[in-house]
Amino acid sequence: MSGRVLVGVKRVIDYAVKIRVKPDKSSVVTDGVKHSMNPFCEIAVEEAVKMKEKKLIKEVVAVSCGPQQAQETIRTALAMGADRGIHVEVTGKDYETLGPLQISKIMAALAKKEEAQLIILGKQAIDDDCNQTGQMTAALLDWPQGTFASEVSLEGDKIKVVREVDGGLETIKINIPAVITADLRLNTPRYATLPNIMKAKKKKIANMKPADLGVDITSRLEVLRVDEPPQRQAGVKVETVEDLVSKLKEAGLV
Amino acid sequence: MANPFRGQVIKLYRTLLYLGRDYPQGSAYFKERLKSAFMKNKDVTDPDKIQKLVARGNSLIEELEAMCFLRKYQVMKKKYSEPKKM
């Protein structure tokens, strides 16, 4: 296979930031909060770039959907080795309701337009934890999918994927074109250093809107409320084993 | 400060500053320490000494990358690889 790989990258609130819910409980505070590329997306980019370095594929295209700032995330992917970027512009209310279904419609449309042979996505985003986009994209394109991939190898016109499942590891072989979603152990993403980011400024990022791809991004979901997780209850110390047993009995645990 | 090194040193400072944004103990803390470390050596003129300091700075880049990366994936692993409780 000597084709083109699309990699989806999402701009999310940085993993290290303490999330705060807005007072009106409508959503999470994002203004002035540090954002970065979703860690699973970093792994996806790394896998694509590795394939290109091994000359298994010809071109890596990084795709991101969102407002102007999504371009920063694309630039990071370009700094990691992607060849060019596509920024699908979605702003305001539309961006707030943007979710896996709309993204997968956009990815599917782009895959057809760019004649991609492989789509690599992170398995889930650390902000919504949906774990749906890869699966939906594969379904829309009627392509096979290798999700939760911890190992990917190209074998002729097929791909061997080792998947992390509850019972252990599952090895499958799927046809190309296909959708792969990256799990934590797939690889070790390289750092996008400042010199590489500077060099990446020369690479092109194409701009377009969902309408240009014929995609309807109206959401079928409405977020009713966002709440913080309940405060952790303080533990209780007991003096004797008898106390412990009686407390356990009270709680109905023995 | 010798001219040929000015570019190198500034480049080093900028690269370290950029990496410091992901510093586990806080980027503000890192920036302070970085600035004072560079300021401490601002009057060094011996080319050999400058080379050595720049080399130390470069190896710090690798250390930082490894540290920030390790921290990130430690947190990720904890959040996403816990065995499911039945």
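Only a predicted model underlies this, so the values are computations on that prediction, with no experimental measurement involved. In what follows, chains carry the letters A, B, and so on, assigned in the order in which the sequence lines appear, proteins first and then strands, with residues in each chain numbered from 1.
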> Looking only at side chains, do A/S153 and A/K160 share a donor and an acceptor under 3.5 Å apart?
Replying inline: no
> Is A/K10 salt-bridged to A/D128, cutoff N-O under 4.0 Å?
Replying inline: yes
>> I'd like to know if B/K72 pairs up with B/D22 as an ion pair, taking the criterion as any Lys NZ or Arg NE/NH1/NH2 lying under 4.0 Å from an Asp or Glu carboxylate oxygen.
In response: no
>> Checking B/R33 against B/Y29: is there a side-chain donor and acceptor pair closer than 3.5 Å?
In response: yes
> Measuring heavy-atom distances to chain B, does A/T188 have an atom under 4.5 Å in its side chain, in its backbone, in both, or in neither?
Replying inline: both
> Checking heavy atoms, do the side chain of A/D129, its backbone, both or neither come under 4.5 Å from chain B?
Replying inline: side chain
> With respect to chain B, which residue among A/K34, A/E164, A/R190, A/K123 yields the maximal number of heavy-atom pairs within a distance under 4.5 Å?
Replying inline: A/K34
> So what's closer than 4.5 Å to chain B heavy atoms on A/I197: side chain, backbone, both or neither?
Replying inline: side chain
